[in-house]
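The next block holds one structure in the form of structure tokens; read it before the comments.
Only this structure's heavy atoms are used, side chains among them; waters, hydrogens and symmetry mates stay out. Sequence lines set the chain letters: A, B, ... in the order given, protein chains first and strands last, and positions in each chain run from 1.
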Amino acid sequence: MKWMKAVLPPVVFGVVAIALWELIVTAGRIAPFILPAPSAIWEQFLEQRQNIWEAALASGANALIGLVGGTVVGVLAAMVSSRFRPLADVSIPFAAVLNALPIIALAPILNNMFESTSSIPRRLVAGIIVFFPVFINTLRGLREVDPIHQELMHTYAASGWTFAVKVRLPGSLPHVFTGLRQASSLAVIAAVVAEYFGGLQNGLGSRITSAAAFTAYPRAWAFVVGACLLGLVFYLTTLLLERLAMPWRTRLIA
Amino acid sequence: MSAVEVSGVTKVFNQGRTDEVVALSDVDLSVGQGEFVSLIGPSGCGKSTLLRLIADLIAPSTGTVTVAGKTAGAARKEQAYGIAFQQAGLFEWRTVLKNVELPLELRGMSRAERKDKASEMLALVGLEEFAGHYPAQLSGGMQQRVAIARALAVQPPLLLMDEPFGALDEMTRERLQSELLAICATTGTSTVFVTHSISEAVFLSNRVVVMSARPGRITASIPISLESRDEAARQSPAYFESVTSVRQALRGAPLKSAS
Amino acid sequence: MSAVEVSGVTKVFNQGRTDEVVALSDVDLSVGQGEFVSLIGPSGCGKSTLLRLIADLIAPSTGTVTVAGKTAGAARKEQAYGIAFQQAGLFEWRTVLKNVELPLELRGMSRAERKDKASEMLALVGLEEFAGHYPAQLSGGMQQRVAIARALAVQPPLLLMDEPFGALDEMTRERLQSELLAICATTGTSTVFVTHSISEAVFLSNRVVVMSARPGRITASIPISLESRDEAARQSPAYFESVTSVRQALRGAPLKSAS
Amino acid sequence: GTADQDSATPAPGGSGGALTPVKLQLQWFFQAQFAGYIAAVDQGFYKDQGLDVQLLEGGVDIVPQTVLAQGKADYAVAWVPKALASREQGAGITDVGQIFGRSGTYQVAWKDSGITKAADLKGKKVGNWGFGNEFELFAGMTKAGLDPGKDVTLVQQQFDMQALLKKEIDAAQAMSYNEYAQLLEAKNPATGKLYTADDFSIIDWKTEGSSMLQDAVWANTEKLSDPAYQQQTVKFLTATIQGWAFCRDNAEKCRDLVVAKGSKLGKSHQLWQMNETSKLIWPAPAGIGVVDEAAWKQTVDISMTTKNQTGDSVLTKAPEGMAYTNDYINQAITAAKAAGVDVNGTSFAPTEVTLTEGGA
Amino acid sequence: MKKLLYVLLGLAVVAALWEGYKLVGNPEGTVLFGVRVLPRADDLSMPHLWTVVERLGRPELTGGRPVWIVVVQACLFTLGITAAGFVIGAFVGLLLAVAMQRFRIVERGLLPYVILSQTVPLVALAPLVAGWNVLWPDWMTVSLIAAYLAFFPVAVGMLRGLQSPASAGVELMRSYAAGWWRTLVKLRFPASLPYLFPALRLAGAAAVVGAVVGEISTGTRGGIGRLIIEYSREATSDPAKVYTAMLGAALLGLVVAGLVSLLEFPLMRHRRHVEVVTL
Ligand SMILES: Nc1ncnc2c1ncn2[C@@H]1O[C@H](COP(=O)(O)OP(=O)(O)OP(=O)(O)O)[C@@H](O)[C@H]1O
Ligand SMILES: Nc1ncnc2c1ncn2[C@@H]1O[C@H](COP(=O)(O)OP(=O)(O)OP(=O)(O)O)[C@@H](O)[C@H]1O
Ligand SMILES: [Mg+2]
Ligand SMILES: [Mg+2]
């Protein structure tokens, strides 16, 4: 019953939207190079599913490595920064500023700094993009310790290390996951968009552009659907991980 | 040997700065073994400060604090007291049982042993069924009970409580008061209890210490003797008399000794 | 004509679903002109629900609610009552004065007029100096005073209050109680007051309505008659007797009429 | 925009002598590759024909033929295979002037790599641009018996040639008039001098037999049934021929025009490009812009048979309807000839352009 | 003020790291197990910072305008596009948030798609939108792409803000017989401001990314995105130039972030600050 209530509206909305789209395209006789019909996209999706799968694996691997790398570095950096107050004071505004930069534009430079024949540049782009939300949120979490907890641990004569492990880390988990949730779909987008600037042609991004260059929009959109699914998988996996890691929080979307 | 000895203690915050605050001035307090002492006074009079001095969470500017014959610092390191605050301050990522286990864990007690001990404490506060729950699944009153169980887990000779029932509604509060009394009676723990409520202070204490602000000092120490500490006590004339005398002490009226 | 007439009211939440709750069952209540009635009872017994029914914030499942002879809905549209909650619920982006002006603003009163009116109300609660402050700059007690001023701004014949002093410490609370009584006396407002505190209910009310839970119903209605409502009253035998009888009604003991 | 576009065709000279506005969508940034059009605007050739031509610059994701089919431009410059692919997707467009008679796509490798023909690419890292510019390469490899999806590692090149210079890839796609020049404008760190043609070996798809037709002027098929648009097309093509002939004869002047247009690559680079572009057009035995049957057929065949790495071919079936027509270009040639323009360029002799560092 | 100092300090550290790495790093990069794990330190890949600065001062093309003027102008152009995209995106986000707040069914039906929209890669969108620009000028196409990225944080943050008032506040408004609209204006909007501004900051950053990538893919001339791609074509022979364009893009990001923060300044005095969680 409750489940139905949560699932029904979006499903109905989606079905109606797709039906409307199909109707507009067929009734308005809109050429596929302007807006492909959902049915045509679906057809291509089925036809290209092998290609989509392989491309999604390639892009997904890049996104995953970027995500994991960026998260690990972000969390470690946040832990180091939280140990030294001045460092945290400096790094928060600095990271916030860097986060406002169009990082994706670094792709061509990274391609030159590393090599365009490896996947490192796009993984780096994904990693850097992941780094900021994770770092900023984790640091915030690490710094926000309930003063009562602090006093309690003091009365238990707990050492700094014990305090970090038993209080700071678990206390910052919700923040880490807040960052991760944002980062997860960003990582996929970054990995896909970075392909735009050259490099190996094995991912969704290059498939999309090459299909689009041939005006094969239904095919391009089939790959786009693949990219959306990939992003969704990342996002939902993060949500699942969040639930597993924090059984004391039952809400799915904060 | 008294449970707590505070003598000649003054506490000045931000000493020498423009925002200097004299939180406590020349305070003497002695809490006997097994005695239940309440601190009451207007907001900002230094009740929490005094409690935190005893807990060695802050150091006095002058004067000495002794807990069970040792310095406050030594007592803290030995976990010679348990403490509870207005906010239960449970760790939301630990189950109720694990929360109570925490001080034992930090003492290096073995897993099985501390589990037994913690379960026992939970039974004491009547929450053994909720051992596996997370704090967020408990009501405010239940959370506060867990906090008390946690404070008692190391079986400290001294219990320090800073308005532990302040956030609860009156009925829950009265129930917990009775429970706390029962626990203190069975364990023989000495208690320093900060409260804003006159009736609470009177009902719980052997002695109510009244403080005044600016600078914080002790203005009265009113012994309470109720025949019993049950529902009937709350309706006894002795109770109402004590309430009145604490109220008067608080209002600054000339103190008449409570009957 | 009585200020509030609740007759045969039942309130069922989530009717027909698995999580159906009967919050109130067959409740009758009548509040006279200028009467001060307190609702007291255990958590979840439906006090707030009853108050919100009177305020027409929710609609009864069965039964009728009349406020000053009109339906509750009509009364709400005419702003025939003022309301205050446990959380002061001030709008932090408005100054104290602007907060008090809000209900007048929504009535379409002119700028100058509502400013005068609001200032007057602030004077009533003793906060005229803080008119330009923002709520965050005020203490909890002061915020609650502003909330009362806001509730009184439209000079409603009826005041509805849901544990307005619940979050305050006892001393602040007692001060505000006296102030509230003074205000109600000068304005002649009828009041329905929800509280958890027996002493508060007794001190303030002409009548204390005791409720019980599951399903919420009224179990007793205890008239209180104190000679005066000042500091002395809190120490009078009549007061203690009333406290005892309310306590007994709450505990479900056989009711003996308060003297 | 719908498939059956019927946006009004501007009546030529509708309001007595006023110029007819015409938009031409280019496929990339301004550079000498489009010098003929730029010159025709600047020299007033279009104006003489009563046309006010506006040149629309291209971009990475701009598909000129789509812009044309949507009616946002009146003509578009596009490579034949890509335009044919769009036709198959419903874009109603027709090739009315095959300006480039030859393909300018190279695959460039280091001389010492030993790569000289398509078959040598086996097992190598092969750069290409994607975006549909890669089919000559794929066709060449297929012809040489390689499977582009398996036998080589495909790498999408960036917009520069660093990948080849740094030897990250073994062979890079390059247009004779652009990227190849960039290689020759780069300094060899070993010698401190610029690289020379001797450092590289070139696979030219023309000699490998897998070249396809490139820059052509495309018009809106449906509108071509409108006599006014027909007339306008002839006029447009006439002036375009004049423009290209002008650039053939005045390479340096055209280079200046291109640079003035805001091209970010430098002067010597644009002169090189001008020279190389002219080579792709001239000499034009049948007259500039006339579609050569054989070349067309080769382009279509490759488009239908060559598969890219995902197994897709450019076209799934032979182009239907009027994919190209020589009607208008022939009329334009006649008109240009009458005006004394050399439309064959038989005597065209390319010059030697010296590139400077960075093409400055 | 202090923050600015910190940012400058951070920049100095980054600059030192860059030059330091050039000093000690292998010009050919460090290759481990066939993977280049550390970047090349040669001048082609990592030009000296002073080369980049010096390049800013020299003309773009022989006899042309100095690069810095070109870059600044491109930034201004893109700033315009970003601003338009930001405004459109913020407006759409606002409308969506209000609709979702007003009708629970809209929230239920739409919110999953709003979140899903963030998984659509921009490269997919750009060609499509570029193909639609029959109705508006080219730069507007780019603005729309920017708006697509910008609407999301605003929609989600604003929704959260509109839902933030405690039920006591809402009931209070009801007790004043205030309807939905007046509750929105007097209560929900002001209450949502602390959520709106952080969301706007995110939207500003997203709009910049959208504008830069959008310019590249639609071939819109005159902006910094276009400059990046034009200069990166010359990276073969003039590597410092593309870095000047990157600096421009960074500058643009900073300016936009600064401007959005300025917006917030007068409205957020006396207000508490909250953290905005978008996804
Ligand atoms: N860390 C601190 N730094 C500066 N001043 C402090 C600090 N802690 C307490 N104070 C000041 O010391 C005085 C006493 O504070 P304390 O918290 O002990 O009061 P309290 O009696 O517990 O009040 P309440 O009833 O509100 O809890 C107050 O004036 C307070 O402002
Ligand atoms: N909107 C609602 N939906 C469902 N159940 C509700 C709702 N509001 C109240 N209830 C239920 O109705 C009962 C009475 O609630 P109410 O808030 O009136 O109690 P109360 O006496 O005010 O309690 P407290 O003293 O804790 O404020 C409770 O069981 C509560 O869970
Ligand atoms: Mg305190
Ligand atoms: Mg209630």
Side-chain angles (χ1 to χ4, degrees), chain B residues 38-45 47-48 86 139-142 162-163 165-175 178 194-203 208 210-213 230-253 256 258, chain C residues 38 40-45 47-48 86-87 139-142 162-163 165-175 178 194-203 208 210-213 230-253 256 258:
Chain B
S38 287
L39 304 180
I40 198 166
S43 193
C45 70
K47 302 180 295 295
S48 300
Q86 174 164 8
S139 73
M142 287 154 99
D162 194 350
E163 304 186 45
F165 308 142
L168 306 179
D169 69 69
E170 191 149 312
M171 273 148 266
T172 317
R173 203 163 165 159
E174 291 191 355
R175 211 171 47 239
S178 303
V194 171
T195 178
H196 266 119
S197 162
I198 301 171
S199 53
E200 180 169 271
V202 169
F203 181 72
V208 176
V210 179
M211 297 177 67
S212 76
D230 51 14
E231 263 311 296
R234 290 194 199 268
Q235 297 164 27
S236 68
Y239 172 78
F240 289 127
E241 268 167 45
S242 294
V243 165
T244 303
S245 61
V246 171
R247 183 187 307 281
Q248 280 169 347
L250 267 172
R251 294 278 179 279
K256 49 170 188 176
Chain C
S38 288
I40 198 166
S43 193
C45 69
K47 303 180 292 294
S48 300
Q86 172 163 10
Q87 302 306 325
S139 73
M142 286 154 101
D162 193 350
E163 303 185 48
F165 308 143
L168 306 179
D169 68 70
E170 190 149 311
M171 272 148 270
T172 317
R173 205 164 163 157
E174 292 190 355
R175 211 172 46 240
S178 304
V194 171
T195 179
H196 267 119
S197 162
I198 301 171
S199 52
E200 180 167 273
V202 169
F203 180 71
V208 175
V210 180
M211 297 176 69
S212 78
D230 52 12
E231 263 312 297
R234 290 193 200 270
Q235 296 164 27
S236 68
Y239 172 78
F240 289 127
E241 270 167 42
S242 294
V243 166
T244 303
S245 59
V246 172
R247 183 185 308 282
Q248 280 167 347
L250 269 171
R251 293 281 178 275
K256 48 171 190 176

Ser197(C) portion near chain B, given a 4.5 angstrom heavy-atom threshold
both
Before you tell me yes or no, could you show the steps for His196(B) and Arg173(C) under side chain to side chain contact (heavy atoms under 4.5 Å, CB included), namely the whole-Å CA-CA distance, both residues' side-chain angles and the distance that decides it to 0.1 Å?
CA-CA 10 Å; His196(B) 266 119; Arg173(C) 205 164 163 157; over 6 Å; no
In this structure, CZ of Phe240(C) is separated from OG1 of Thr244(B) (nearest 0.5 Å) by 4.0 Å
Okay, Glu174(C) and chain B: the region with an atom under 4.5 Å from a heavy atom over there is side chain
